[in-house]
There are 2 protein chains.
Amino acid sequence: MNAKHIQEIRAFNRFYTNIIGLLDRHILHSNYSLPEVRIMFELYHNRGMTASDIIAQIDIDKSYLSRILKGFEKNKLINKVSSGIDKRAIMLQLTPKGKKEFETLDKASEKQIATLFEKLSDKECDELVKKISGIQKLLKKSLQNE
Amino acid sequence: MNAKHIQEIRAFNRFYTNIIGLLDRHILHSNYSLPEVRIMFELYHNRGMTASDIIAQIDIDKSYLSRILKGFEKNKLINKVSSGIDKRAIMLQLTPKGKKEFETLDKASEKQIATLFEKLSDKECDELVKKISGIQKLLKKSLQNE
DNA sequence: ACGAAATAGTGGACAAAGTCAACTAAATTT
DNA sequence: AAATTTAGTTGACTTTGTCCACTATTTCGT
């Protein structure tokens, strides 16, 4: 890794930070915050997670998470069920209402992306996705502990 | 753009959001916030910007920016000089202290990146950078207004 | 088996980040 | 010359996020 590599990566970070901002814009007009949606995503895609499982996936302060989950429960988006095995742990699950809310956000997100990239041809999209997965592969390799 | 493309892009966003978090980690232990560093970056790389110029570059609320700049001035990181031409506008410039502070952060950021990607060979870095710039080119094309 | 240490989650108090609307002053439009 | 727009500031506020101390379990070391 030389100085040029580093500069290119930094430029990309600045650039892509803006892109992510654009892609998250639909959330600003929803009733949820970014971390809330990110948490819903995890709960939607994994059955029976605990708060700790969520923390393992996304970098979030546990007390902040606790508060968000409390809010979810209050609004009937999730059920909290004590895990039988470990009495400290609590199993979380989206209610039908919670699932529906997430799906609405999810659809909006898809639409946002489709709009943002509408100028690209199918061929260009293929190219984009190919590069994207190449990057992920490289980065994951470098991030592997040990 | 089809459903598969969209899913891949979203997965990349989630992934890369975490990467950005890792890359910004050094800022958490500095005396500055992320937006502050981002603003310093702009001031470092462009001479004689106004607050409006900064807003054109980064998406930030003008009153929030105003407060940050006020803090910078208080800590002698910038000079504010009324622009001769337009008496409403104020030219901003990093002081030597401001430049030095930014350079320190900048070095830390370089180091952070180098550490994060240390497992990649030079060849892999070349590959990474090539893909990165390809992505930027595609996205910029799609984002062009009109 | 028993005490010490670790883990799961919560709650209070607080700090940081960011927004909104109202405002002054200068510049531009009509 | 009045009306509108633009540059920037300020007060009051909300949202977002962190820190620390705490309870209740569970696991570890001996």
Side-chain angles (χ1 to χ4, degrees), chain A residues 17-18 20-22 24-40 42-43 46 48-75 78-93, chain B residues 17-18 20-22 24-43 46 48-75 78-93 105:
Chain A
T17 299
N18 289 333
I20 288 176
L22 291 175
D24 287 341
R25 207 162 280 260
H26 67 286
I27 293 175
L28 294 181
H29 306 296
S30 78
N31 298 315
Y32 303 99
S33 71
L34 234 94
E36 282 171 346
V37 177
R38 192 68 186 72
I39 291 162
M40 279 194 230
E42 290 300 328
L43 293 173
N46 305 283
M49 292 184 106
T50 65
S52 302
D53 293 335
I54 294 175
I55 288 171
Q57 294 306 313
I58 42 185
D59 182 34
I60 187 172
D61 181 86
K62 63 179 178 168
S63 65
Y64 183 32
L65 174 59
S66 171
R67 258 173 265 266
I68 289 176
L69 292 174
K70 198 177 172 187
F72 280 0
E73 196 184 21
K74 196 176 156 200
N75 292 316
I78 60 168
N79 289 320
K80 286 181 168 186
V81 185
S82 160
S83 151
I85 312 142
D86 183 338
K87 277 177 194 155
R88 295 165 307 176
I90 294 169
M91 284 295 183
L92 306 166
Q93 203 161 8
Chain B
T17 299
N18 289 332
I20 290 175
L22 292 175
D24 287 339
R25 207 162 281 259
H26 67 285
I27 293 176
L28 294 181
H29 307 296
S30 77
N31 299 314
Y32 302 99
S33 72
L34 235 93
E36 282 171 345
V37 177
R38 193 65 186 74
I39 290 163
M40 279 195 232
F41 174 89
E42 290 299 328
L43 292 174
N46 304 283
M49 291 185 106
T50 66
S52 301
D53 293 336
I54 294 175
I55 289 171
Q57 293 307 313
I58 43 186
D59 183 33
I60 188 172
D61 181 85
K62 63 178 179 171
S63 64
Y64 184 31
L65 174 59
S66 171
R67 257 174 265 265
I68 290 177
L69 292 174
K70 199 176 168 185
F72 280 180
E73 195 184 21
K74 195 177 155 199
N75 292 316
I78 60 167
N79 289 319
K80 286 181 168 184
V81 184
S82 161
S83 151
I85 312 143
D86 184 336
K87 277 176 193 156
R88 293 166 309 177
I90 294 170
M91 283 295 183
L92 306 165
Q93 201 161 10
L105 291 163

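So that the names make sense, note that chain A is the first sequence line, chain B the second, and so on, each numbered from 1.
- Distance from the side chain of Thr50(A) is smallest to dG9(C) among dG9(C), dG18(C), dC20(C).
- Scanning all heavy atoms of the two residues, the minimum distance from Ile78(B) to Glu73(B) falls at CG1-N, 3.7 Å.
- When all heavy atoms are compared, the tightest approach of Ser30(B) to Leu105(B) is CB-CD2, 3.6 Å.
- Contact of the Leu69(A) side chain with the Ile39(A) side chain is registered, since non-hydrogen atoms from C-beta on lie closer than 4.5 Å.
- Residue Ser52(B) is classed as a sugar-phosphate contact, given heavy-atom separations below 4.0 Å to backbone atoms only.
- Rounded to an integer number of Å, the gap from Ile60(B) CD1 to dC20(C) P is 14 Å.
- Across all non-hydrogen atoms, the minimal contact from Glu36(A) to Phe72(A) is O-CZ, 3.6 Å.
- Checked against Pro35(B) for a side chain to side chain contact (heavy atoms under 4.5 Å, CB included), the options Asp61(B), Ile68(B), Leu65(B), Ile58(B) give a single hit: Ile68(B).
- Counting heavy atoms from C-beta on, the side chains of Val37(B) and His26(B) never come closer than 4.5 Å.
- The terminal axes of the helix from dA1(C)-dT30(D) to dT30(C)-dA1(D), fitted over 5 pairs per end, subtend an angle of 40° to the nearest 10°.
- Looking at heavy-atom distances under 4.0 Å, Ile55(A) makes no contact with the nucleic acid at all.
- One can place NZ of Lys62(B) at 12 Å from P of dC20(C), the figure rounded to the nearest angstrom.
- Among the heavy atoms of the strands lying under 4.0 Å from Ile85(B) are primed sugar atoms or P, OP1, OP2 only; no base atom is included.
- Taking 4.5 Å as the limit, every side-chain heavy atom of Ser66(B) sits out of range of all side-chain heavy atoms of Lys62(B).
- The nearest heavy atom of DNA chain D to Asp53(B) and to Ile68(A) marks one nucleotide each, and the one closer to the 5' end goes with Asp53(B).
- Remark: C1' of dT10(C) and CG of Leu92(A) are 14 Å apart, rounded to the nearest angstrom.
- Residue Ile90(B) is in sugar-phosphate contact alone, with no base atom involved, counting any heavy-atom pair closer than 4.0 Å across all strands shown.
- Looking only at side-chain heavy atoms (C-beta outward), Gln93(A) and Leu43(A) stay at 4.5 Å or farther from each other.
- Within the 4.0 angstrom heavy-atom criterion, no nucleotide atom of any strand lies near Leu65(B).
- With rounding to whole Å, Arg67(B) atom CZ is found 9 Å from dG18(C) atom C1'.
- Residues Leu69(A) and Leu28(A) both approach DNA chain C. Their nearest nucleotides, taken by heavy-atom distance, put Leu69(A) toward the 5′ side.
- Put simply, the side chain of Leu92(B) reaches to within 4.5 Å of the side chain of Ile54(B), judged on heavy atoms.
- Note that the first and last nucleotides of DNA chain D, 5' to 3', having any atom under 4.0 angstrom from a heavy atom of chain A are dT16(D) to dT26(D).
- Using a 4.0 Å heavy-atom cutoff across all strands shown, Asp61(A) reaches at least one base atom of the nucleic acid.
- Distance, Asn31(B) CG to dA15(C) P: 17 Å, rounded to whole Å.
- In this structure, Thr17(B) and Ile20(A) have side chains that are in contact, with non-hydrogen atoms separated by less than 4.5 Å.
- You'll find that the side chain of Arg88(B) is closest to dA27(C), out of dA27(C), dA21(C), dA6(C).
- Summarising the geometry, the separation between OH on Tyr32(B) and C1' on dA16(C) is reported as 16 Å, rounded to the nearest angstrom.
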